[in-house]
Protein chains: 2
Amino acid sequence: MNFDKQIQERPECTVERALAVIDGKWTTLILRDLLAGTRRFGELRTSLTGISPKTLTDRLRDLERQGVVTRVVFPEIPPRVEYTLTDKGRALGNVVYALAEWGAEWT
Amino acid sequence: MNFDKQIQERPECTVERALAVIDGKWTTLILRDLLAGTRRFGELRTSLTGISPKTLTDRLRDLERQGVVTRVVFPEIPPRVEYTLTDKGRALGNVVYALAEWGAEWT
DNA sequence: CGGAATCCCCCATGATACTG
DNA sequence: CAGTATCATGGGGGATTCCG
């Protein structure tokens with residue numbers, strides 16, 4: 001149970017560690033969008049059809065905390081907030097591209 | 001809600017389609033193991049620390065139904081069942097390798 | 001516009017016991 | 001050994017409302 005997971009905070013397997021970062025139903029799709037360039041909150045919300053604002057915020061905060069995206073707030077009215085991938089986030093491009101290629105060939 | 005998802009059974013995005021296949025908390029780790037070669041049920045159960053037999057069965061059945069793994073039963077006593085990746089499953093190696101490389105460099 | 005605050009719920013997963 | 005059967009659960013995600 002949870003005890004087992006907590007005593008191995010840093011599993012040896014690099015795949016497991018990577019999965020812990022891009023976990024979540026929407027996370028990889030957020031990365032897909034941001035790999036195309038900086039996006040505003042509303043742009044992501046529109047592109048990710050069906051996502052709730054709560055979930056989008058939750059996922060973006062997680063990614064931010066893990067150093068995958070940066071969040072820049074522009075003190076304007078109406079407010080503007082932009083999300084951009086960090087180097088760490090851009091490096092995940094290989095994963096997303098691999099998924100896209102496989103999906104194109106096999107699904 | 002679900003209605004929206006059902007009217008687009010085959011989303012255009014290849015990333016989404018790929019994610020639909022490797023969905024689940026354990027699925028990618030199962031693929032990681034099978035990429036190293038054929039494995040028996042018990043071997044997978046041991047390697048995937050913490051997984052319940054029910055969940056392992058569920059995930060393997062899903063992967064089988066989607067043509068990612070093949071299940072071979074040997075009519076012996078005690079029974080032996082081996083799981084092997086199909087071509088479609090082996091093609092997912094690129095995804096797993098991309099995850100492993102990213103995990104090694106950034107986590 | 002970009003959230004925060006609440007409340008709620010489903011379903012993948014877990015725990016456990018049993019069997020051919 | 002490789003599952004099935006059953007029941008319990010919890011937390012990620014959804015729906016809605018409100019705010020600066």
Side-chain angles (χ1 to χ4, degrees), chain A residues 1-8 11 16 19-31 33-34 38-66 68-84, chain B residues 1-8 16 19-31 33-34 38-66 69-84:
Chain A
M1 45 177 49
N2 279 352
F3 180 73
D4 289 333
K5 294 178 184 173
Q6 291 182 15
I7 60 177
Q8 43 174 273
E16 292 186 41
L19 286 174
V21 174
I22 64 170
D23 194 28
K25 176 179 174 181
W26 295 100
T27 304
T28 306
L29 296 178
I30 292 173
L31 295 175
D33 280 12
L34 292 182
T38 297
R39 291 290 183 272
R40 299 180 60 169
F41 186 88
E43 291 177 316
L44 292 173
R45 194 215 284 240
T46 299
S47 173
L48 303 169
T49 313
I51 197 172
S52 67
K54 172 183 176 298
T55 299
L56 181 52
T57 298
D58 288 350
R59 300 291 105 234
L60 286 170
R61 290 290 192 280
D62 271 3
L63 291 173
E64 189 187 3
R65 186 169 40 79
Q66 280 167 325
V68 171
V69 309
T70 56
R71 178 175 180 266
V72 179
V73 183
F74 294 84
E76 308 170 357
I77 294 180
R80 178 162 56 109
V81 179
E82 291 186 347
Y83 294 91
T84 307
Chain B
M1 44 177 50
N2 279 352
F3 180 72
D4 289 334
K5 293 178 184 173
Q6 290 182 15
I7 60 177
Q8 42 173 277
E16 292 186 42
L19 287 174
V21 175
I22 64 169
D23 195 28
K25 176 179 173 181
W26 295 99
T27 303
T28 306
L29 296 178
I30 292 173
L31 295 175
D33 280 13
L34 292 182
T38 296
R39 291 289 182 273
R40 300 179 60 168
F41 186 88
E43 292 177 315
L44 292 172
R45 193 215 284 242
T46 300
S47 173
L48 303 169
T49 314
I51 197 171
S52 67
K54 174 182 177 299
T55 298
L56 181 54
T57 298
D58 289 349
R59 301 291 102 233
L60 285 170
R61 290 289 191 281
D62 271 2
L63 290 173
E64 188 187 5
R65 187 171 39 80
Q66 279 166 325
V69 309
T70 57
R71 176 174 181 268
V72 179
V73 182
F74 294 83
E76 309 170 354
I77 295 179
R80 178 162 55 111
V81 179
E82 292 186 346
Y83 293 91
T84 308

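In what follows, every chain begins at residue 1, and chains take the letters A, B, ... in the order their sequences are listed.
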Worksheet item: Does any non-hydrogen side-chain atom of A:Thr27 lie less than 4.5 Å from one of A:Asp62?
Response: no

Worksheet entry | Spacing of B:Leu34 atom CG and B:Leu29 atom CG [to the nearest 0.5 Å] | 11.0 Å

Practice prompt. Would you kindly compare A:Ser52 and B:Val81 by the position of their nearest DNA chain D nucleotide and give the one closer to the 5′ end?
Written response: B:Val81

Worksheet entry | Between D:dA2 (P) and B:Asp58 (CG): distance, integer Å | 17 Å

Worksheet item: Looking across every strand, which nucleic acid part, if any, lies under 4.0 Å from A:Arg40 by heavy atom: base, sugar-phosphate, or nothing?
Response: sugar-phosphate

Response to the item:
By nearest-heavy-atom nucleotide on DNA chain C, the more 5' of A:Pro78 and B:Thr55 is A:Pro78

Worksheet item: How bent is the helix from C:dC1-D:dG20 to C:dG20-D:dC1, comparing axes over its five end pairs at each side, to the nearest 10°?
Response: 60°

Item to complete: Under the salt bridge (charged side-chain N to carboxylate O under 4.0 Å, His left out) rule, collect the residues that match up with A:Asp33, sequence neighbours excluded.
Response: none

Just the atom pairs and distances: protein N or O near nucleotides 4-9 of chain C's N or O, under 3.5 Å.
unit_1	atom_1	unit_2	atom_2	d
C:dA4	OP1	A:Arg61	NH2	2.9

Review item, side-chain donor-acceptor pairs of residues 38-45 of chain B, under 3.5 Å, at least two apart:
unit_1	atom_1	unit_2	atom_2	d
B:Thr38	OG1	B:Thr84	OG1	2.9
B:Glu43	OE1	B:Arg40	N	2.7

Worksheet item: Between C:dG3 atom C1' and A:Glu82 atom CD, what is the distance in whole Å?
Response: 16 Å

Worksheet item: How long is the line joining CZ of B:Arg45 and P of C:dT13, in whole Å?
Response: 16 Å

Item to complete: Would you kindly give the CG-to-C1' distance between A:Leu56 and D:dG14, to the nearest whole Å?
Response: 13 Å

Practice prompt. Report yes if a side-chain nitrogen or oxygen of A:Arg59 is closer than 4.0 Å to either non-bridging phosphate oxygen (OP1 or OP2) of D:dG13; otherwise report no.
Written response: yes

Worksheet item: Which listed nucleotide (D:dG3, D:dG14, C:dG2) is nearest to the side chain of B:Tyr83?
Response: D:dG3

Worksheet item: In chain order, what residues pass the salt bridge (charged side-chain N to carboxylate O under 4.0 Å, His left out) check against A:Asp58, with sequence neighbours excluded?
Response: A:Lys54

Worksheet item: CG of A:Asp62 versus C1' of D:dG12: gap in Å, rounded?
Response: 11 Å

Worksheet item: Listed by chain and number, what are the salt bridge (charged side-chain N to carboxylate O under 4.0 Å, His left out) partners of B:Glu64, not counting sequence neighbours?
Response: none

Discussion item. Within this structure, what is the CD1-CG distance for the pair B:Ile30 and B:Leu60, rounded to the nearest 0.5 Å?
Written reply: 4.5 Å

Discussion item. Rounded to whole Å, how long is the line connecting atom CG of B:Asp23 with atom C1' of D:dG13?
Written reply: 13 Å

Discussion item. What's the separation between atom CZ in B:Arg61 and atom CG in B:Leu56, rounded to the nearest 0.5 Å?
Written reply: 9.5 Å

Practice prompt. Name the nucleic acid region contacted by A:Phe74, choosing base, sugar-phosphate or nothing; use a 4.0 angstrom heavy-atom cut-off, strictly under.
Written response: nothing

Worksheet entry | d(CG, A:Leu48; C1', D:dG13) in whole Å | 14 Å

Item to complete: Give, for atom CH2 of A:Trp26 and atom OG1 of A:Thr55, the distance between the pair rounded to the nearest 0.5 Å.
Response: 8.5 Å

Fill in: Smallest separation among heavy atoms of B:Ile22 and B:Thr28, with atom names
O-OG1, 4.0 Å

Worksheet item: How many Å lie between CD on B:Glu76 and C1' on C:dG20, as a whole number?
Response: 15 Å

Worksheet item: Picking from D:dA2, C:dG14, D:dG13, which would you name as closest to the side chain of A:Trp26?
Response: D:dG13

